[in-house]
Amino acid sequence: MSSSTRSNSTSLISIKGAGKSYGNHQALHNVDWHVGEGDWWGVVGPNGSGKSTLIQLIAGTEQLNEGQIRIDGRDIGSYSRKDLSRMIAVLQQDGLPAISYPVRDVVEMGRYPYQNWLGRETGDGALVVDRVLQDLGLTELADRPLDALSGGQRQRVALAKVMAQEPRLLLLDEPTTFLDIKYQLQFMELLSAWRQRNNITIVAVLHDLNLAALFCDHILALREGMAVGKGTPHTLINDENIQDIFRVKPAIVSHPDHAIPQLLLRRDID
Ligand SMILES: Nc1ncnc2c1ncn2[C@@H]1O[C@H](COP(=O)(O)OP(=O)(O)OP(=O)(O)O)[C@@H](O)[C@H]1O
């Protein structure tokens with residue numbers, strides 16, 4: 001399996017020998033991984049392979065049992081919660097519940113890490129919120145309550161909220177699961193444009209390998225809690241690796257526009 005592991009840039013995330021157990025169950029074993037500043041990594045693997053656990057460890061919401069995670073050269077345990085939330089934003093698959101808060105108020109909540117103990121912000125928070133609403137085409141929906149939006153629009157507001165947070169690192173856990181194919185593409189394109197403008201680093205758990213190959217520069221594959229492959233979409237997505245990771249026989253074709261590998265499913269006719 002591919003062993004191309006790290007980009008040339010400085011590591012923003014550096015993980016060595018990471019292990020995580022829940023009771024007797026070992027969810028991650030001895031994971032080594034480096035994510036360079038500005039990289040976009042996709043994390044793939046079967047159900048239960050440890051993808052969400054890895055995201056939670058990097059976000060600081062779960063703690064390691066073994067090994068070490070360094071963020072920007074410092075042990076993750078040495079950061080306060082507020083320091084981490086200024087640096088790292090997390091977006092889940094159903095990023096926001098359908099509540100009656102207006103879109104603008106929800107996006108403003110992304111500015112929380114920059115507020116003082118009185119809940120006031122000294123910087124240009126309102127400008128940031130205006131810009132993000134505009135960038136994501138949400139200005140006209142700014143006064144609408146979230147529960148009057150479609151699931152796809154709500155996920156766009158969730159993205160606006162994490163953008164307003166102005167993180168250096170964005171962690172996404174299956175962010176496109178509930179979106180139709182148009183909204184999936186739109187969501188990924190918005191991310192891509194944001195990344196180019198602000199040079200943020202993205203780590204995204206994705207079940208859709210084709211989407212991962214289209215947008216991510218690097219892919220980390222997990223299986224049974226182990227990092228079993230790291231590389232570019234070109235080096236990682238091939239018949240042998242997909243069979244090894246997912247236990248299915250794929251048909252790999254080259255994308256007609258982008259010349260990257262894309263996966264077709266085969267019915268098992270053996
Ligand atoms: N809070 C928890 N308590 C106990 N076991 C857990 C907990 N969270 C995860 N696990 C277990 O750890 C393993 C890895 O789970 P995790 O959610 O990280 O996998 P995943 O790759 O994200 O899965 P999926 O693709 O299904 O979302 C699974 O066996 C899961 O049951």
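Ligands are counted one by one from 1 in listed order, and the atoms in each one are counted from 1 as well. Remember, predicted model here, so these are calculated numbers, not experimental data.
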[X]: numbered ligand 1 atoms lying under 4.0 Å from its heavy atoms:
X	result
Ser49	19 (O), 20 (P), 21 (O)
Glu174	25 (O), 27 (O)
Pro46	21 (O)

Pairing of [X] and [Y] as salt bridge, 4.0 angstrom limit:
X	Y	answer
Asp135	Arg197	yes
Glu166	Arg111	yes
Asp244	Arg223	yes
Arg168	Glu37	yes
Arg195	Asp217	yes

Criterion side chain to side chain donor-acceptor pair (under 3.5 Å) against Ser14, the qualifying member of Gln68, His34, Arg70 =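 Going through Gln68, His34, Arg70 one by one, the side chain to side chain donor-acceptor pair (under 3.5 Å) with Ser14 is satisfied by His34 alone.
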Tell me the protein heavy atom at minimum distance from [atom], and give that distance in Å.
atom	result
atom 19 (O) of ligand 1	Gly50 N, 3.3 Å
atom 4 (C) of ligand 1	Tyr22 CB, 3.3 Å
atom 26 (O) of ligand 1	Asn47 ND2, 3.0 Å
atom 23 (O) of ligand 1	Gly48 N, 2.8 Å
atom 15 (O) of ligand 1	Thr53 OG1, 3.9 Å
atom 17 (O) of ligand 1	Ser52 CB, 3.7 Å

Test item, Gln56 contacting ligand 1 (heavy atom, 4.0 angstrom) =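 Gln56 does not count as a contact of ligand 1 under the 4.0 Å cut-off.
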inquiry  = Just to check, does Gly45 reach to within less than 4.0 Å of ligand 1 when the distance is taken from its heavy atoms?
reply    =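 No; Gly45 lies far enough from ligand 1 that no heavy-atom distance drops under 4.0 Å.
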ask   = Which is closest to atom 20 (P) of ligand 1 in terms of heavy atoms, Lys51, His25, His207?
value = Lys51
query = Does atom 31 (O) of ligand 1 have a protein non-hydrogen atom under 4.0 Å from it?
reply = no
Any Gln184 side-chain heavy atom under 4.5 Å of Glu189 side chain =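 They are not in contact (no side-chain heavy atoms under 4.5 Å apart), so the answer is no.
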message = Quick one, Leu91 and Leu171 - any side-chain contact, counting heavy atoms below 4.5 Å?
response = no
query = Counting both backbone and side chain atoms, is some N or O of Glu62 under 3.5 Å from an N or O of ligand 1?
reply = no
inquiry  = Does any N or O of ligand 1 fall below 3.5 Å from an N or O anywhere on Ala27, backbone included?
reply    = no
query = Does NZ or CZ of Lys182 fall inside the cone over Phe187's six-membered ring, less than 6.0 Å from its centre and within 45° of the axis?
reply = no
ask   = Which heavy atom in Ala160 sits nearest to a heavy atom in Leu138, and how many Å separate them?
value = CB-CD1, 3.7 Å
